[in-house]
Engineer: 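Pasting in a structure now, in structure tokens, and then I'll have a few things to ask.
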Amino acid sequence: MSFDTLGLSDKVLEAVKASGYTEPTPIQAEAIPHVMQRRDVLGIAQTGTGKTASFTLPMLSLLEKGRARARMPRTLILEPTRELAAQVEENLNRYSENQKLNVALLIGGTSFEDQFKKLDRGVDILIATPGRLLDCFERGKILMTGVEVMVIDEADRMLDMGFIPDIERICKMVPFTRQTLFFSATMPPEIEGLANKFLQNPVMVSVAKASSTSDTITQHAVASDYEDYEKRAKLRELIEGSQELKNGIIFCNRKKDVATVFRSLDRHGYSVGALHGDMDQTSRTATLNTFKDNKITLLVASDVAARGLDIPDVSHVFNYDVPVNAEDYVHRIGRTGRAGRTGVAYMIVVPTEQKGFDAIESLIDQKINWLNDEAVEWDAKAGRRGRGKSAKGGKAKPAPKAKDQKPNDAPDSTDTNIKHSEAPKQNNKRGGKKPYHEQVDLEYSDAKHAFGGDEHIPAFLR
Ligand code: AMP
């Protein structure tokens, strides 16, 4: 299939060609004609599927007619994080190179003055995070009555981050007659409710079963005992054992673990950076760019900071923890194996994470192979590893012993040689006795929300 048949404008088609895209991805082929026909769209798609272009390309085509007025953006794209917003802006700038359209970014962590100036000049496409947008609105710097198209991107992440009330407020501020494009990787009940409320007779486009993982990713689980130093040694062992590793992202549930793992790897001589929600915008962008430019090989990140990062070719994803929300596993490992490439994902599992591990297997509807063919049962209550058994029914091999594991690796945490000054001060008094969920200091926490799956696709769409 070619882009020419989707109804996009000539200028946009030229830009698509210049981007090197030869054919539309499935979400683009399905969604673009509907957006061009001014239909509301409910897109169920993960990042990495080309979903950004599925809404930006038709928006740019539609915007060719008409002009922007001061403080009245013509279209609005809502993104949950600054990184995602900046990434969408980057894409838009590329796709709109043949057009005279004004694109503006309204995100926290940057000066209000510059953003106000841009709004005053008239904006065709405004990309915003919900908090900053409402802030500007309350200061009387922006009018929402001219919005013709509104995009709510990464809706399930908006939910995780507690943005749903903000989204509801914003939806009520923009004209009822607007066109709404709504994207989410998963469809938990809260998102279904939001879609029912704010979309009018939407077309549903879905590129994969909600919460499925790509076949091109080889997934492994790795057993670890509880102590921090063993987990870090295990991580290094995995990195060392990954012959094909070009670059990798290491996901941690907690901000303090992002800092600890970053310092540990740095001390062990790895080329590494860190990304978490407490870092200011400039440091986040700088770290991300060094990773994108291959100046660092490994990036330790929290889910919030890493959501939807547009890093085309990550060879490995390491889950330092079992994510608390099973959907996060899908998002995390979705950083690799993109656009048909192969990828490898590891997940370190400690005894108390058994429940989370089971939830992931049931969400993705497949068994994750234990490394070294080891199926492990954990005695979660005792916090000890329980009876092991082989996945093939035989006797279990012990978990691979970390070659370089040293009890005195623990002092990592007291190392003051931190390159990222904004890394949070971490507390290493874990002791390994407390249950996992009592310890979590998640950057966002919504362990209670339901897992996405077919049963959560709105009834009217099933
Ligand atoms: P997204 O899912 O929007 O984050 O896009 C993932 C990656 O796919 C980005 O690096 C895009 O530049 C790239 N991409 C988007 N559309 C296409 C296409 N039709 N052909 C090849 N690459 C694409």
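Ligands are counted one by one from 1 in listed order, and the atoms in each one are counted from 1 as well.
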Engineer: Need the ligand 1 atom indices (1-based, order shown) with element for anything under 4.0 Å from a heavy-atom of Glu23.
Structural biologist: 18 (C), 19 (N), 20 (N)
Engineer: When you measure from atom 17 (C) of ligand 1 to each heavy atom in Phe55, Phe183, Tyr21, which option holds the nearest one?
Structural biologist: Tyr21
Engineer: Evaluate the side-chain proximity of Phe137 to Met144: yes if any heavy-atom separation is below 4.5 Å, no if none is.
Structural biologist: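 Side chain of Met144 against side chain of Phe137, heavy atoms only: contact under 4.5 Å found.
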Engineer: Pick one of side chain, backbone, both or neither for how Gln87 approaches ligand 1, counting any non-hydrogen atom pair under 4.0 Å.
Structural biologist: neither
Engineer: Does some side-chain heavy atom of Pro323 sit less than 4.5 Å from a side-chain heavy atom of Phe251?
Structural biologist: no
Engineer: Are Glu64 and Ser9 linked by a side-chain donor-acceptor pair shorter than 3.5 Å?
Structural biologist: yes
Engineer: Looking only at the side chains, is there a donor atom on one of Arg82 and Thr129 sitting less than 3.5 Å from an acceptor on the other?
Structural biologist: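 Result is no, nothing qualifies.
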Engineer: Is the closest N or O pair between Asn91 and ligand 1 shorter than 3.5 Å?
Structural biologist: no
Engineer: Which atoms of ligand 1 sit under 4.0 Å from any heavy atom of Thr52?
Structural biologist: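 Near Thr52, the atoms of ligand 1 are 1 (P), 3 (O), 4 (O).
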Engineer: For the residue pair Tyr21 / Tyr95, report whether a side-chain donor-acceptor contact shorter than 3.5 Å exists.
Structural biologist: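 Result is yes, a qualifying pair exists.
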Engineer: Using a 3.5 Å cut-off on N or O atoms only, is Gly50 in polar contact with ligand 1?
Structural biologist: yes
Engineer: Is the terminal nitrogen or CZ of Arg121 (NZ for Lys, CZ for Arg) located under 6.0 angstrom from the six-membered ring centre of Phe116 and within 45° of that ring's axis?
Structural biologist: no
Engineer: Considering only heavy atoms of Phe3, which atoms of ligand 1 have at least one such atom less than 4.0 Å away?
Structural biologist: 19 (N)
